[in-house]
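Below is one structure, written out as structure tokens; comments come after it.
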Amino acid sequence: MLDIKFIREFPDLVRDAIAKKHLTVNLDELLALDSSIATKKRETEDFQAEANRVAKEIPKASPETRPELIQRGKDAKASLTTLEPELRELEAQLKTLMFQVPQIPWDGAPVGADETSNLETLKVGSPRVFDFVPLDHVALLEKNRWAETERVARIAGTRSYSLRGDLALLEMSVLRFAVDFMVQRGFELITVPSYAREEAFYAHGQFPSARDQVFAVEGEDRFLAGTAEVLLNSLHSGELLEETDLPKLYVSISPCFRAEAGAAGKDTRGLTRVHQFNKVEQYVLAPADKNKSDELFETMLGNSRAILEALELPYRLLETSTGDMGTGKYRMVDVESWVVSEGRYRETHSCSALHDWQARRANLRYRDSSGKPRFCFTLNNTALATPRILVMLLENHQNADGTVNIPAVLQPYMNKKVLEPSK
RNA sequence: GGAGGGUUGGCCGAGCGGUUGAAGGCGACAGUCUUGAAAACUGUAGUAGGGGAAACCUUACCGGGGGUUCGAAUCCCUCACCCUCCGCCA
């Protein structure tokens, strides 16, 4: 959500952002609604003032003048009973539109409709040259009996995964490694539920636009979160934090649920795209300072890069285009890691800065040094997500005999150097 | 699931139909005192809108939403959350 005052003052900037992000938001309607609300509000407030005035006089009034005053109060109220619902209706309409207005993307973002306009900015490490024919991760799973794909699919449906033996342990190890890594970098570990009320999804920005990506709990106002960010973003809703509390650096780990609507036929095999996965998430609540936000963005991106480097995986950075970054975002950099079997990089991390767009929705405020309440800036980034990262770990670190080497940083968690087949 | 009690400003807490945007305390800020700090004393200060050059005027907000009334923090309905007891349970 943007500040309505900002939209009034710079409608062209907003119009430009809508175009760059390839959205269809009726800004003219929004502005028209805004001005008719102003008019109606003034009218309503006049009657409210009259009603207040009368109500104040009545206790002091003589018995003779009282009936007349009460009648005036009744008249004012009668006008209000028609005006107030009209005003409420207009405000509801405005709110609907306000929820759709995007954050202004930064100047450096490539302008384009979708991911084809994303710009590769850095490549780290180079894809391994094999002296044998490498297997894809699904073949490695089968060969080593590390998964229970078919049986579990019968019970839970498609896009479900289940790991066995050393690979199940590796999943826990790599998650724990990522948590430890983030804690070492000064982030506080906080665990959160994987579900939340509708309100939190609006605050996060996923609702209303991407509602179809979210699983709903039947008969309840509860939805399964696709990321811990949904919960973290509402953690301080309604509070008035002190500037000295900021930035708040959180790392969280949670099961994440995604409906994957519209992805039918995509990545149907293996561990790349599943309905439930685990994610270690970085989330930062920052003061409303663009430079500070930029700085934190680099820090968070650096964390993800360091994790991938520790896992000895080649990766690249993509500066996400305006059409691909998402409505609320100021800037997004995707981190993609090398998938041997596909001969390409696939997204494993996504680093975003939203400035105050989310904070306005979630009502995240702090008192700045001058004592004035301000909306915070928010940022988030993946630290690590399984099982997708296992695809990269298996394929990149495989041996000719089908075994898989464990990266040095994970060996202490596994107490071994090579993943062994299950029986 | 059943039965009660609660939710008030940055925090704690009083108020339970009209003069309460809300006592009192803490914390914050400014000043007096002090070499400085503390203590003490004095003063300032809610949030979000609208109008105005300004002084200032005005509207809404006492968990969310709705209602009763000329008038609601106070009464009613509803939802959410918290606490206590009972039942069930990892």
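Order of the sequence lines fixes the chain letters, A, B, ..., with proteins taken first and strands second; residue numbering starts at 1 for each chain.
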Please collect all salt bridge (Lys or Arg N to Asp or Glu O under 4.0 Å) contacts where either partner lies in residues 176-195 of chain A, sequence neighbours excluded, each pair once.
A:Arg176-A:Asp180

Taking only heavy atoms on the protein side, list every residue of [range] lying under 4.0 Å from any atom of RNA chain B, sorted numerically.
range	answer
residues 45-59 of chain A	A:Glu45, A:Gln48, A:Ala49, A:Asn52, A:Ala55, A:Ile58, A:Pro59
residues 228-250 of chain A	A:Leu240
residues 1-8 of chain A	A:Lys5, A:Arg8

List in chain and number order the residues that pass ring-ring contact (aromatic ring centres under 6.0 Å, His included) with [X], two or more places apart in sequence or in another chain; answer none if no residue qualifies.
X	value
A:Trp338	A:Tyr345
A:Phe377	A:His355
A:Phe277	none

Test of understanding: with side chain to side chain contact (heavy atoms under 4.5 Å, CB included), list the residues that count as partners of A:Asn26, not counting sequence neighbours.
A:Asp28, A:Glu29

When you compare the protein's N or O atoms with those of nucleotides 72-80 of chain B, which come within less than 3.5 Å of each other, and at what distance?
| residue | atom | partner | partner atom | Å |
| --- | --- | --- | --- | --- |
| B:A80 | O3' | A:Arg197 | NH2 | 2.4 |

According to the Watson-Crick and G-U wobble definition with distances under 3.5 Å, which dot-bracket string, read 5' to 3', encodes RNA chain B, using [ ] for crossing pairs and | for pairs with another strand?
((((((((.[[[..)..(.....]]].(((((.......))))).((((((....)))))).[[[[[..)....]]]]])))))))....

What pairs of nitrogen or oxygen atoms, one from the protein and one from nucleotides 6-9 of chain B, lie under 3.5 Å apart?
none

For nucleotides B:G13 and B:U7, find the distance between their P atoms and express it as a whole number of Å.
10 Å

Per-nucleotide protein contact along nucleotides 63-68 of chain B, 5' to 3', at a 4.0 Å heavy-atom cut-off (B base, S sugar-phosphate only, - neither), is ---S-S

